[in-house]
2 protein chains.
Amino acid sequence: MEQKSLKMFCHLAQTLHFGKTAEAHHVSASTLSRAIQRIETELGCELLLRDNRSVVLTEAGQQFLQFAQQQLAQWQSLQLALNDQQTQLQGKLHIFCSVTAAYSHLPSLLDSFRQQHPLVEIMLTTGDAADAFEQVQQQAVDLAIAVKPETLSRMFHFQALAQIPLAVIAPTMACQVQQAVNQSVIPWANIPMILPEHGVARKRFDYWYRRKQQGKPNIYATVAGHEALVSMVALGCGVGIAPKVVVENSPVKDRVQYLEGVGDIAPFELGICCLNQSREQSLIQAFLRAI
Amino acid sequence: MEQKSLKMFCHLAQTLHFGKTAEAHHVSASTLSRAIQRIETELGCELLLRDNRSVVLTEAGQQFLQFAQQQLAQWQSLQLALNDQQTQLQGKLHIFCSVTAAYSHLPSLLDSFRQQHPLVEIMLTTGDAADAFEQVQQQAVDLAIAVKPETLSRMFHFQALAQIPLAVIAPTMACQVQQAVNQSVIPWANIPMILPEHGVARKRFDYWYRRKQQGKPNIYATVAGHEALVSMVALGCGVGIAPKVVVENSPVKDRVQYLEGVGDIAPFELGICCLNQSREQSLIQAFLRAI
DNA sequence: AATCGTTGTTGCAAATTTTGCAATGATACG
DNA sequence: CGTATCATTGCAAAATTTGCAACAACGATT
């Protein structure tokens, strides 16, 4: 991505500060340093004088700055011209959407995008949230709407959309579980819990439960998929954690209740993700801008 | 190397033939194909219509062609402007030179380069030919003048300079070896041989000897370095193979003779080598052009 | 109609390049 | 002097690009 080096150089010519420019472009200082070095050796002359306390443009650097700006401007202008010609963006956009996201944010996203770009064919795949990043990585899809994991490979671009609050839920029907949670001091260690099998939800649960300092949880079942978890809670099997949106949209909504005052759970960071690589693609660019 | 993709596209727009353009740029057809695809998806539109029997530029392709030519021209013009300003190319150029090459071609190369670019500081390292490519790879030097190996990593650029003929040499002094090689039919299997220890020279020897179909050679010694090999032959230890230049320049030149009519040995391909990566660097470019 | 020869594209592993982290060197500021 | 900044470099890990081989499409030829 020669393009990116030019952009960084232009920025750097302004700030005259490697650290800041690097941060602004989401790369490490060393990456920026080497990008500049690459240009310099390719050109055979110094663009910047770094004297350890300050950075200044050389004569050649100023010329290169002009050149770089020119090149970038031409690129933009080409893009504009081509998009203009096509009148409307068109093509296919494969999107993967975790089930959680499908409830909460997908409809409005899709709406607003389709309104702006009616010719773009949207191909939607829904599935397990845990697969979202894999799908993107393998380029099975262009974009995924998913929950931000704790650690994210630098390969990906993640753009936050919203917070999805989680809640602790218990059955409303009269049963042992329901009675247990209605006591003034809830005996957590005895209450059967329904755990998310894996993924970010599980992490959230573990963290939330650990803060109670009640020893090991009494695990009734582990379940893959929030919907199933809600169902199990509704059946009176135990207490669990789920996104509120899932609960609201569940057919068994009336048979579960939120437990209040039982400790905070950090909400899910819902967002849209794609390969950093593909951020230059015009369809993807359009989508990211449309949201 | 975005630059390269643009060049390839321009060429392709002319030939309208992936195979030819790919060959002209020393890449495989698939590489070219994918380079074009990359540009296309980045732009979000098709540049070329390939209908399996013919390739044609689309409307967008024509626009892109103009764009590409413009960008390349600007790059060239920038380079010119900068070089112009510097009046003279300057900097350091590290060159590694195998001993073989030092005898034969280095002086004239250096002469003509220094004449054109007197401000460039040349740092010369001589050493074992076998190390040449390693030195270049590790970027310990910018260029190496060396013998082309049988297989060459695509990482390198190799530009042929000349052929270095090899010869079979024997001692002139009266000794067993000298007597043996003077017979009308030379009993190769009995003649002690001095072998190059490794490298291209060894390969050449092996191939040459195998064609004699005389079984295993009688190996007197294996020697690293052509000079030493010549010396051993001069001392009467055996018969060996060495580049003629080395023989001509050897202080013991009078004490060895060439054996004629003993089979052909493919000459060394002497040339200059650098990383493909660094071919864009102006100093290196200048050197490659100067030769 | 079946087969062959061309030509561009794709799966895949290997080669090559780029990246970030941690360590370094250099310099200003307390 | 010690500490804090700031750019650069060694190094291993991560990401990207490449070529080969297999393939698919299609015209030419038998």
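Numbers restart at 1 for each chain; the letters A, B, ... are given by sequence-line order, proteins then strands.
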* Integer-rounded Å distance: D:dT18 C1' and B:His26 NE2 -> 16 Å
* Asked: Heavy atoms, side chains only, cut-off 4.5 Å: are A:Phe64 and B:Leu82 in contact?
  -> no
* Asked: Separation of B:Ile36 atom CD1 from D:dT17 atom P, in whole Å?
  -> 14 Å
* **side chain to side chain contact (heavy atoms under 4.5 Å, CB included) partner of A:Leu65, the single match among A:Leu12, A:Leu47, A:Leu57** => A:Leu57
* **Any B:Arg34 side-chain nitrogen or oxygen under 4.0 Å from OP1 or OP2 of C:dG11** => no
* Over how many whole Å does the gap from B:Asn276 atom CG to C:dT17 atom P extend? -> 8 Å
* Asked: If you check every side-chain atom of B:Arg38, which of D:dC6, D:dT17, C:dT9 has the closest atom?
  -> D:dT17
* What integer distance in Å separates A:Met155:CE from C:dT18:P? -> 16 Å
* Salt-bridge criterion met for A:Asp206 and A:Arg202 (N-O under 4.0 Å) -> yes
* Could you check how far NZ of A:Lys4 sits from C1' of C:dT19, rounded to whole Å? => 11 Å
* To do: Would you mind telling me which residue lines up with the more 5' stretch of DNA chain C, B:Lys20 or B:Phe156, judged by nearest nucleotide?
  => B:Lys20
* Might you work through the side-chain hydrogen bond (donor to acceptor under 3.5 Å, both in side chains) test for B:Gln71 and A:Gln74, ending with a clear yes or no? => CA-CA 8 Å; B:Gln71 295 251 311; A:Gln74 281 169 11; 3.2 Å; yes
* Tell me whether the OP1 or OP2 atom of C:dG8 has a side-chain N or O from B:Gln37 closer than 4.0 Å. => no
* Asked: Are B:Ser33 and C:dG8 close enough that a side-chain N or O sits under 4.0 Å from OP1 or OP2?
  -> no
* Structure fact -> In whole angstroms, the gap separating C1' of C:dT18 from CG of B:Leu275 amounts to 15 Å
* Asked: Please give, in whole Å, the distance from D:dT9 C1' to A:Phe18 CZ?
  -> 14 Å
* Asked: Under 4.0 Å between a side-chain N or O of A:Ser153 and OP1 or OP2 of D:dA15?
  -> yes
* To do: For B:Arg50 and C:dT10, give me the distance from atom CZ to atom P, rounded to whole Å.
  => 9 Å
* Side chain B:Ser30 and base D:dC20 donor-acceptor under 3.5 Å -> yes
* If you look at every strand shown and take non-hydrogen atoms under 4.0 Å, does B:Arg154 touch a base, only sugar-phosphate, or nothing? -> sugar-phosphate
* Structure fact -> Of all heavy-atom pairs linking A:Ala22 and A:Leu32, the shortest is N-CD2, 3.7 Å
